[in-house]
Amino acid sequence: MHYTEDSYPKKFPNTCNKISISITHYMEARKEEKGETKMKIDYLYQEYKKDVFYFLYHLSQNKDVSEDLTSEVFLQAIKSLPTFKGDSTIKTWLFGIARRKWLEFVRKEQREKNLNEKLSLYISEKDYFCDDAISDKQTIDKILELLNMEAEKSRRVVLMRVEGFSFYEIAKELSISESSARVIDFRTKKKIKQILVKEGYLYE
């Protein structure tokens, strides 16, 4: 399938610099490679960059996501080029890489969404059917920021509780007592909630 610009962003994003820098770094790391390989990589990008971008835009409907994934596709293609056997056309090969990158992106987004939902419910102590559960992205981002500022053990206790682990399982995993796990969980959650209230993210 050939993707055209008719129904896509009129201005093709300039990811060339970003990818060219990565190509240069890659080639410097492999000094034994000849100039022919560099020419193949440059040709690969110049010839197929628009097809790959529009293919990804067709999937994502998001210009920024498509631009980032286009970079990832060609960086992966650079690494995989020596193993390309020619069993398919180069475009089909690139589209295969693009599809895998898109699926990886979707799975990552879903994992982050699920974690954010669980974390917001955990901090607000609401259930999934409560209208007062935290839902705005700004507050969730603040919770994650505060959690990342905590000590590693405190952060792991909270994240494991968010994922539904029992205090017994947490204690066993972190080599601490159940009572310590409970205290760490209570204090960390209380501290985060106090900051959220103080800064106007939550209301008591």
Taking all heavy atoms of [X] and all of [Y], pick out the closest pair and write down the distance.
X: I170; Y: A181; result: CG2-CB, 4.2 Å
X: R161; Y: S166; result: NH1-CA, 4.0 Å
X: L44; Y: A77; result: CD2-CB, 4.0 Å
X: Y48; Y: K91; result: CE2-CB, 4.0 Å
X: R156; Y: L174; result: CZ-CD2, 3.3 Å
X: D51; Y: F95; result: O-CE1, 3.5 Å

Does NZ belonging to K153 count more than 12 external heavy atoms closer than 6.0 Å?
-> no
Counting heavy atoms not belonging to F186, are there more than 12 under 6.0 Å from its CZ?
->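 Counting neighbours around CZ of F186, 12 or fewer heavy atoms of other residues, nucleotides or ligands fall under 6.0 Å, so no.
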Are E169 and E173 close enough, and set up right, to give a side-chain contact (heavy atoms from CB on, under 4.5 Å), and what steps lead you there?
-> CA-CA 6 Å; E169 292 171 316; E173 174 68 22; over 6 Å; no
Can you tell me how far [atom2] of [Y] sits from [atom1] of [X], rounded to the nearest 0.5 angstrom?
X: F167; Y: S177; atom1: CZ; atom2: OG; value: 11.5 Å
X: K63; Y: Y57; atom1: NZ; atom2: OH; value: 9.5 Å
X: T83; Y: L81; atom1: OG1; atom2: CG; value: 8.0 Å
X: T92; Y: R99; atom1: OG1; atom2: CZ; value: 9.0 Å
X: L144; Y: I192; atom1: CG; atom2: CD1; value: 9.0 Å

Hydrophobic cluster identity match, [X] and [Y], side-chain contacts under 4.5 Å:
X: V162; Y: M160; value: no
X: I97; Y: V52; value: yes
X: L146; Y: I184; value: no
X: V183; Y: I176; value: no
X: M149; Y: L147; value: yes

For a 4.5 angstrom cut-off between non-hydrogen side-chain atoms, does [X] reach [Y]?
X: L94; Y: F74; value: yes
X: S80; Y: W93; value: yes
X: I78; Y: Y45; value: no

Using the side-chain contact (heavy atoms from CB on, under 4.5 Å) rule, take N148 and R155 through it: C-alpha gap first, then chi angles, then the decisive distance, then the call.
-> CA-CA 7 Å; N148 286 330; R155 187 167 60 250; 3.6 Å; yes
K142/E145 ion pair, N-O < 4.0 Å =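 Result for this pair is yes, salt bridge flagged.
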Determine, stepwise, if the pair E150 / K191 fulfils side-chain contact (heavy atoms from CB on, under 4.5 Å).
-> CA-CA 10 Å; E150 294 296 315; K191 178 181 177 181; 3.0 Å; yes
Go through the steps to decide whether L59 and F55 satisfy the test side-chain contact (heavy atoms from CB on, under 4.5 Å), and finish with yes or no.
-> CA-CA 7 Å; L59 294 173; F55 174 76; 3.8 Å; yes
